[in-house]
**Q** 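Sharing a structure with you now.
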Amino acid sequence: MGSIRRVHDLLIGRRVAMKVLHPATGRAPALERELERRFLREAMVVGQLDHPHIVPLYDLGLTAEAAPCFTMKLVDGRTLEEIVAEGDVVADPAKLEQVLHVLLKVCDGIAFAHGRGVVHCDLKPPNIMVGTHGQVYVMDWGIARLLGDDHLARLGIDPARRVRCDDSLAKADSDIAGTPAWMAPEQARGRKEAIDPRTDVFQLGALVYFVLTGRPPYVGEGPVAELLMAREGVVPPPEQVAGRPLPRGLCAVALRAMAAAPDQRFQTVEAFKYDLERCLGRGTFGTRSFPPGAAIVKEHESGDAAYLITRGHCEAFKTEGGRKVPLRRMGPGELFGETAILTDQPRSATVVALDDVTVMTVSRRSFDDGFSVDTWMGVLVRTLATRFRDLDAQLTSMRREQLRLRVRERLLVAIASGRPAIWSKLCAALAAEHGISELDVMAIVAGSDDLAIDAARDLLGLAGR
């Protein structure tokens, strides 16, 4: 249909991209007229969609050969397809987060277009450009659909804000247009009246699917086979395609967006973006489930992840002197295990599941990426974590000293009672009372200069008497 050329704007002195419609060569006159109308409409649509994530159009005209052309921003960068092809995105949390941020920007651009009554209809990785400094542009609006008055009214779009074209251009639509491997079912069936913003929602979900699996929703032996698959709208689960576990949150978002029936999808791009943002904050990371009584983290172990509770309740406790010291109960929305990965110290407590618990894991690398040491936020978070560990260590030391003093007090009272202080009975009673071992009680006596044990007579007394 056309080509993109890199050209030099002599008037402004800048490099720009020029899209040129190929001259007719063996095309039927009717088809030629439709392509010309579609080409001109693309220029008018893009020219009226002034948004940071939609490629800006500069000028419309004719080449020296009288071929229709328009110029637009030349984006130095890579397509989403090239970025994903560089390596395993899912295995690299930092790269996955980067790609998800790209998709969020795409959502902003598409939501803006929907608010102007325009549906893109050809969202796919080659049409998403990422510039060298993080700029994101949605490209190729050649088969965009302009919503009719009934759609605008149903969506609550002010007609004054709609993109406007000449009537002959607004109706320049084929029954079926798009890329079969990425089409929504209503698009593949040629149901033009059913195409609305939810058609783009389907393709946004397909972009997430591509990030997870490295392939489009439909893969067949050629476009016709893929078109037939798209008409059925049956998309294999991402984990089945990838052959490995994937982030469940992202899989769920992709599959819901790609539901065959439009009514079962996210109804707006904003709703899709909301759930995608939640994945960026939580679901990017894996989930784990634990039965009641299971230890999720253990005291004194090294920590390589923190955990966010999404379901169920947990209890955190320490073991001091052989006894359990409860610290706190936690429920959904609470985080634990973060100090171990922020301070590079062993875990300071054990956390067990009180009922069926599901947690999201946040890796050390994710923390490091989010709280880089060279930012003020990173310094603040790590400083607070270190101070917490220091205070926790002081508190633990104070509890141990309190325990030692309580045991000593009981031992001295037993000696002062005037009755024989039978050591074996006294030691067993104190161990049971304080939840510690008899060896711990013996250690307290051994560390006291004024107490002594007469093993032969099984008596406790004062040293030197």
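The structure presented is a predicted model; accordingly, all values stated were derived computationally and were not measured.
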**Q** Would you call Pro247 and Leu212 a side-chain contact if the rule is heavy atoms closer than 4.5 Å?
**A** yes
**Q** Give me the one residue out of Lys324, Met330, Arg328 that meets side-chain contact (heavy atoms from CB on, under 4.5 Å) with Glu315.
**A**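 Only one of Lys324, Met330, Arg328 forms a side-chain contact (heavy atoms from CB on, under 4.5 Å) with Glu315, namely Lys324.
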**Q** Do other residues, nucleotides or ligands put more than 12 heavy atoms under 6.0 Å from Arg329 CZ?
**A**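 No - once you tally the heavy atoms of other residues, nucleotides and ligands closer than 6.0 Å, there are 12 at most.
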**Q** Check whether more than 12 heavy atoms from other residues, nucleotides or ligands sit under 6.0 Å from atom CZ of Arg5, and answer yes or no.
**A**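 Check fails, neighbour count at 12 or below.
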**Q** For the atom pair CG (Leu60) and CE (Met72), what is the distance rounded to the nearest 0.5 Å?
**A**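 These two atoms lie 12.0 Å from each other.
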**Q** Going by the ring-ring contact (aromatic ring centres under 6.0 Å, His included) test, which pairs reach into residues 52-78, not counting sequence neighbours?
**A** Phe39-Phe70, His51-His53
**Q** Any pair with a residue in residues 44-62 that passes salt bridge (Lys or Arg N to Asp or Glu O under 4.0 Å), sequence neighbours left out, goes on the list, sorted by first then second residue, please.
**A**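 Non-adjacent pairs meeting salt bridge (Lys or Arg N to Asp or Glu O under 4.0 Å): zero.
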**Q** Would you call Lys95 and Asp88 a salt bridge, taking side-chain N to carboxylate O under 4.0 Å as the test?
**A**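 No, no charged N to carboxylate O under 4.0 Å.
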**Q** Using the side-chain hydrogen bond (donor to acceptor under 3.5 Å, both in side chains) rule, collect all pairs that involve residues 105-125, keeping only residues at least two apart or in two chains.
**A** Asp108-Lys273, His114-Asp200, Asp122-Thr179, Lys124-Thr179
**Q** Please check if the number of heavy atoms outside Glu221 that lie under 6.0 Å from its CD is greater than 12.
**A**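 Count not over threshold, so no.
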**Q** Output, in order, the C-alpha distance, side-chain angles, deciding distance and verdict of side-chain hydrogen bond (donor to acceptor under 3.5 Å, both in side chains) for Arg198 and Gln267.
**A** CA-CA 6 Å; Arg198 295 172 297 182; Gln267 296 302 289; 3.1 Å; yes
**Q** Could you name each residue pair satisfying ring-ring contact (aromatic ring centres under 6.0 Å, His included) that touches residues 221-256, not counting sequence neighbours?
**A** none
**Q** Are the side chains of Leu204 and Phe266 in touch, meaning some heavy atoms are under 4.5 Å apart?
**A** no
**Q** Going by atom types alone, do Thr63 and Glu65 pair a side-chain donor with an acceptor below 3.5 Å?
**A**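 Yes, because at least one side-chain N or O of Thr63 sits under 3.5 Å from a partner of the opposite role on Glu65.
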**Q** Between the side chains of Glu186 and Arg145, is the shortest nitrogen-to-carboxylate-oxygen separation below 4.0 Å, so that they form an ion pair?
**A**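 Here Arg145 does not pair with Glu186 in a salt bridge, since their nearest N and O are not under 4.0 Å apart.
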**Q** Who passes side-chain hydrogen bond (donor to acceptor under 3.5 Å, both in side chains) against Arg14, sequence neighbours left out?
**A**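 Once residues adjacent in sequence are excluded, Arg14 has no partner under the side-chain hydrogen bond (donor to acceptor under 3.5 Å, both in side chains) criterion.
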**Q** Not counting sequence neighbours, list each pair that qualifies as a side-chain hydrogen bond (donor to acceptor under 3.5 Å, both in side chains) and has a residue in residues 206-220.
**A** none
